Amino acid sequence: MAINLDDIVAIDVHTHVHKSVAGTEYNADPEKDMGEYFGIGKMPQYSLPELAEYYRERKMAAVAFGVDSVSQTGEEPVPTNEEVAELAAEHSDVIIPFASIDPARGAAGVRAARRLVTEYGVRGFKFHPNTQAFFPNDRLAYPLYEVIAEHGLVALFHTGQTGVGAGQPGGGGIRLKYSNPMYVDDVAVDFPDMKIILAHPSFPWQDEALSVATHKPQVYIDLSGWSPKYFPPQLVQYANSLLKNKVLFGSDFPVITPERWMKDFDGIAIKDEVRPKILKENAAKLFGLGGSAA
């Protein structure tokens, strides 16, 4: 079974899976207060089947992933990449599986990435420079990018400030410097055929993100992690014009629900002809999904 574009209203390119079907939850210390940061109390945690059902009920598809920051947290990701991919195959009508590998895993991580692509069918990889404590242009990560580029997949990078560690002493040890999107510009130069998503409105580097995305044809921007009513004016301007084919709907679920995001998106000045591009058509083209995207 594959995603039928005629049956869905949107593709959410940024959702998190924090719970295994075995019941184990991911509880690395810097992430414990994420719910408070986003004003939702204790952050709910979803397994892949629960997330799939949530999106199926809303007639949406979703890119789903965990985050591997083992070098900093000492905790293996929950669920594993393999669990995400295996369960995504059972829910392929609504889920696009991504994996996450901490670049600090080195050669072992590269072998795992290749296996996840060839044996498990993942469609991309999520990087979180803040929680993984690396600059995206660090050559340590380049062997991972080589696997992604070789297979024509997507690399998604967290950019801008993060809610991870926010409000904790010393920000929970999380350093914001790693997530300036200009470091991804080097990656875009060195891997010109690798599709890249800059995740989130990139506060305080929004202009840098817009510059990279307009200059590098394979770089996209997702709009996750913020309510649209708080989008910077220049982001809305570029989404309506130069980047209308490269801006993507993302929620950052479960910290922001797609319902809240869509409601607030209805209230901002996006052109009528651009809305369907952002909500579904741009992502459908990026992931090569068949059928009609209209």
Side-chain angles (χ1 to χ4, degrees), residues 12-35 38 42-55 61-92 94-105 108-117 119-134 141 144 147-148 153-159 162-165 172 174 179 197 199-200 222 224-225 250-256:
D12 187 339
V13 304
H14 199 120
T15 74
H16 291 265
V17 184
H18 292 113
K19 187 172 72 174
S20 168
V21 288
T24 310
E25 296 184 350
Y26 185 61
N27 284 310
D29 283 343
E31 296 196 23
K32 286 183 178 178
D33 294 329
M34 284 278 285
F38 282 94
K42 187 180 187 303
M43 185 172 69
Q45 301 200 348
Y46 288 76
S47 67
L48 193 288
E50 290 169 341
L51 186 145
E53 186 56 30
Y54 185 98
Y55 276 82
V63 172
F65 45 75
V67 178
D68 175 15
S69 304
V70 66
S71 66
Q72 305 304 305
T73 66
E75 301 283 343
E76 290 291 337
V78 176
T80 65
N81 289 313
E82 289 80 4
E83 179 179 321
V84 170
E86 287 175 345
L87 293 173
E90 298 176 13
H91 298 276
S92 59
V94 291
I95 299 296
I96 300 169
F98 271 34
S100 178
I101 292 180
D102 191 328
R105 288 186 185 270
V110 175
R111 289 193 297 271
R114 192 172 297 279
R115 187 175 67 253
L116 286 162
V117 174
E119 297 181 17
Y120 290 87
V122 301
R123 303 294 302 278
F125 287 78
K126 160 67 183 283
F127 295 95
H128 200 309
N130 299 114
T131 66
Q132 295 167 334
F134 83 108
L144 281 174
V147 173
I148 299 169
L153 304 183
V154 179
L156 185 152
F157 293 87
H158 173 96
T159 64
T162 177
V164 180
I174 300 297
S179 56
I197 299 175
H200 316 307
D222 88 34
S224 65
S251 66
D252 213 5
F253 184 78
V255 296
I256 295 179

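Just so we're clear, the structure is a prediction, and the values are computed from it rather than from any experiment. The basis for the numbers below is simple: all heavy atoms, side chains too, and nothing from hydrogens, waters or symmetry mates.
- Taking every heavy atom of both residues into account, Ile95 and Ala88 meet most closely at CG2-CB, 3.6 Å.
- With sequence neighbours left out, Arg111 forms a salt bridge (charged side-chain N to carboxylate O under 4.0 Å, His left out) with no residue at all.
- Not counting sequence neighbours, the partners of Thr15 by the side chain to side chain contact (heavy atoms under 4.5 Å, CB included) test are Asp12, Leu51, Tyr55, Ala62, Ala64, Ser251, Phe253.
- Residues meeting the side chain to side chain contact (heavy atoms under 4.5 Å, CB included) test with Glu53, sequence neighbours left out: Arg56, Glu57.
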*Intermediate values then yes/no, side chain to side chain contact (heavy atoms under 4.5 Å, CB included), Leu48 and His91*: CA-CA 9 Å; Leu48 193 288; His91 298 276; 4.1 Å; yes
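- At a cut-off of 3.5 Å, with distance as the only test, a side-chain donor of Ser71 or Asp102 sits close to an acceptor on the other residue.
- Applying the salt bridge (charged side-chain N to carboxylate O under 4.0 Å, His left out) test to Arg123 and every residue at least two apart in sequence or in another chain returns nothing.
- The structure places OG of Ser224 at 9.0 Å from CD1 of Ile197, a figure rounded to the nearest 0.5 Å.
- With sequence neighbours left out, the ring pair (Phe, Tyr, Trp, His ring centres under 6.0 Å) criterion links Tyr120 to no other residue.
- Annotation for Ala141 and Phe134: closest pair CB-CE1, 3.8 Å, computed over non-hydrogen atoms.
- Atom CZ of Arg105 and atom CG of Asp68 lie 4.0 Å apart (nearest 0.5 Å).
- Here the closest non-hydrogen pair linking Thr159 and Ala199 is OG1-O, 2.6 Å.
- Looking at Thr131 and Ile174, their side chains come closer than 4.5 Å, going by heavy atoms from C-beta outward.
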Exercise for the section: Decide yes or no on side chain to side chain contact (heavy atoms under 4.5 Å, CB included) for Phe125 and Asn81, but give the supporting numbers first. Expected result: CA-CA 10 Å; Phe125 287 78; Asn81 289 313; over 6 Å; no
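- Every residue two or more places apart in sequence or in another chain was checked for a salt bridge (charged side-chain N to carboxylate O under 4.0 Å, His left out) with Glu90, and none qualifies.
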Does the pair His128 and Val164 meet the rule for a side chain to side chain contact (heavy atoms under 4.5 Å, CB included), with working shown?
CA-CA 10 Å; His128 200 309; Val164 180; 4.3 Å; yes
For this session: Kindly indicate, with the supporting measurements, whether the criterion side chain to side chain contact (heavy atoms under 4.5 Å, CB included) is fulfilled by Asp222 and His200.
Result: CA-CA 6 Å; Asp222 88 34; His200 316 307; 4.3 Å; yes
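- Residues Pro79 and Val84 come closest through the heavy atom pair CG-CG2, 3.6 Å.
- Centroid-to-centroid, the aromatic rings of Phe65 and His14 come within less than 6.0 Å.
- Taking both residues in full, the closest heavy atoms of Ile101 and Gly109 are given as CD1-O, 3.3 Å, listed atom of the first, atom of the second, then distance.
- No donor-acceptor pair under 3.5 Å is formed between the side chain of Glu83 and the backbone N or O of Thr80.
- Across every non-hydrogen atom of Lys126 and Gln132, the tightest pair is O-NE2, 4.4 Å.
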